[in-house]
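We count residues from 1, following the sequence as given.
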Amino acid sequence: MNALPPGETLFVTFRLAGSLCHAMGRQLHADLQTNMELSRAGGLTDEQQQLAHQRAQKRFFAQLDAELDRAEVGPTYLEKEKLAEIVAGELLMLEEQGFWALAFVVLPNHVHAVLHLPAGSGLSIYKSLKLLHQRTATQCRRHLRHQLPPEADFWQIGSYEYPVQDADELTRILAYVQHHAQRLRLPPRFHDWPYVYEMVKW
């Protein structure tokens, strides 16, 4: 299959506040901006610009995810199964709004999700993710009690979204999500629900 279902399929990543040092975050975004500007350089065809744009996004994601996987700074609250259950449950609740939650993985300090928004739904994935952040932050704070100061953010503001180009790329991304915990050699509990989910049929 070379085509995706009608609509928009996004590979989404969001993370806990403080899970990336400020200097590294600024450097990654500066590198992305530079590479994006290069992708718009004169002399390139529209197709070449699009490919360069995609390469810049993929390079940014690979560097960002590697830093988050190292988990050298910031909290790792999502190691707690109860918090993972909250996040997993809210991701699946997106389906009641009209999304398809194709897959997700909850890691100690960040989350990857593959979401499909069918054509003609009229929904905003960005607004839906913002509301998901608000709901999960409120619920998780109750379980963290005094571990998180009232003035501190739970999630880092915003998220990273990569538009999936075709069915072959979707297959690769789904495999990346499904086997992420194994690659990191996380304990066995991270390889099962509620940390990992993939829609059986879509």
Notebook entry, point to check: Of Val12, Leu16, Val105, Leu78, which is the lone residue that meets side chain to side chain contact (heavy atoms under 4.5 Å, CB included) with Val111?
Noted result: Leu78

Item checked: Audit row: Lys58, Tyr162, side-chain contact (heavy atoms from CB on, under 4.5 Å) steps and yes/no -> CA-CA 8 Å; Lys58 290 179 179 180; Tyr162 173 78; 3.1 Å; yes

Check: Given Tyr195, which of Glu79, His180, Glu81, Arg189 fulfils the side-chain hydrogen bond (donor to acceptor under 3.5 Å, both in side chains) condition?
Finding: Arg189

Next item on the list: Kindly give the heavy-atom pair with the smallest separation between Ala88 and Pro194, and that separation in Å.
Entry: CB-O, 3.5 Å

Check: Side-chain contact, heavy-atom cut-off 4.5 Å: Phe60 with Leu28?
Finding: yes

Checklist line | N/O donor-acceptor pair under 3.5 Å between Asp166 side chain and Glu169 backbone | finding: yes

Note to self: Is it the case that the side chain of Ser121 and the backbone of Leu117 share a donor-acceptor pair, with hydrogens and angles ignored and the cut-off at 3.5 Å?
What the structure shows: no

Note to self: Within this structure, what is the CZ-CD1 distance for the pair Phe14 and Ile157, rounded to the nearest 0.5 Å?
What the structure shows: 15.0 Å

Note to self: Can a donor-acceptor pair be found, under 3.5 Å and without considering hydrogens, that links the side chain of His191 to the backbone of Leu186?
What the structure shows: yes

Next item on the list: Carefully, step by step, assess Arg15 and Tyr160 under the rule side-chain contact (heavy atoms from CB on, under 4.5 Å).
Entry: CA-CA 9 Å; Arg15 62 186 179 89; Tyr160 170 78; over 6 Å; no

Next item on the list: For Asn109 and Asp69, indicate whether the former's side chain and the latter's backbone hold a donor-acceptor pair under 3.5 Å.
Entry: no

Notebook entry, point to check: Just how far is it from atom CG of Leu20 to atom CZ of Arg70, taken to the nearest 0.5 Å?
Noted result: 10.0 Å

Next item on the list: Locate the shortest heavy-atom distance separating Gly158 from His133; write the atom from each residue and the value.
Entry: O-CE1, 3.6 Å

Notebook entry, point to check: Is there side-chain contact between Lys127 and Lys130, with at least one heavy-atom pair below 4.5 Å?
Noted result: no

Check: Any side-chain heavy atom of Met199 within less than 4.5 Å of one from Glu95?
Finding: yes

Margin query: Under 3.5 Å, is there a donor on one side chain and an acceptor on the other for Gln50 and His53?
Written below: no

Checklist line | Non-hydrogen side-chain atoms of Phe104 and Val106 separated by less than 4.5 Å | finding: yes

Next item on the list: Please test Trp100 against Thr9 for side chain to side chain donor-acceptor pair (under 3.5 Å), starting from the C-alpha separation and ending with a verdict.
Entry: CA-CA 9 Å; Trp100 298 356; Thr9 303; over 6 Å; no

Checklist line | side-chain contact (heavy atoms from CB on, under 4.5 Å) between Leu174 and Glu198, worked out | finding: CA-CA 8 Å; Leu174 290 175; Glu198 183 171 3; 3.8 Å; yes

Margin query: On a heavy-atom basis, which atom in Gly25 and which in His29 lie closest, and how many Å separate them?
Written below: O-ND1, 2.9 Å

Next item on the list: Would you kindly confirm whether Val87 and Tyr126 end up in one hydrophobic cluster when ILVMFWY residues are joined by side chain heavy atoms under 4.5 Å apart?
Entry: yes

Checklist line | Between CG on residue Leu170 and CD on residue Gln165, distance to nearest 0.5 Å | finding: 11.5 Å

Note to self: Are Leu51 and Val164 linked, directly or through intermediate hydrophobic residues, by side-chain heavy-atom contacts shorter than 4.5 Å (ILVMFWY only)?
What the structure shows: no

Notebook entry, point to check: Pro150 and Arg141: which non-hydrogen atoms are nearest, and at how many Å?
Noted result: O-NH1, 3.9 Å

Note to self: Determine whether Thr13 and Ser159 satisfy the following criterion, side-chain contact (heavy atoms from CB on, under 4.5 Å), listing intermediate values before the conclusion.
What the structure shows: CA-CA 6 Å; Thr13 298; Ser159 56; over 6 Å; no

Check: Around Arg145, counting heavy atoms of other residues, nucleotides and ligands shown, do more than 12 lie under 6.0 Å from its CZ?
Finding: no

Notebook entry, point to check: Do the side chains of Leu107 and Ile86 join up, straight or via other hydrophobic residues, at under 4.5 Å, putting them in one cluster?
Noted result: no

Next item on the list: Please report the shortest heavy-atom distance between Pro118 and Gly98, naming the atom on each side.
Entry: CD-O, 3.2 Å

Check: Do Phe11 and His112 have their ring centres less than 6.0 Å from each other?
Finding: yes

Checklist line | Separation between CD of Gln54 and CD of Gln49, rounded to the nearest 0.5 Å | finding: 12.0 Å

Next item on the list: Taking atom types as modelled, find out whether Ser128 and Gln97 have a side-chain donor-acceptor pair closer than 3.5 angstrom.
Entry: yes

Margin query: Can you tell me how far apart CG (Leu129) and CH2 (Trp155) are? Round to the nearest 0.5 Å.
Written below: 11.0 Å

Next item on the list: With rounding to the nearest 0.5 Å, note down the distance linking NE2 in His110 to OG in Ser19.
Entry: 8.5 Å

Next item on the list: Could you verify whether a donor N or O on one side chain and an acceptor N or O on the other, from Tyr176 and Asp65, lie under 3.5 Å apart?
Entry: yes

Next item on the list: Quick one: closest heavy-atom pair of Leu115 and Ala101, and the distance?
Entry: CD2-CA, 3.9 Å

Check: Between Gln63 and Gln27, is any side-chain donor less than 3.5 angstrom from a side-chain acceptor?
Finding: no

Notebook entry, point to check: Met93, Ile125: one ILVMFWY side-chain cluster at the under-4.5 Å cut-off?
Noted result: no

Check: In terms of hydrophobic clusters joined by side-chain contacts under 4.5 Å, are Leu148 and Val73 together?
Finding: no

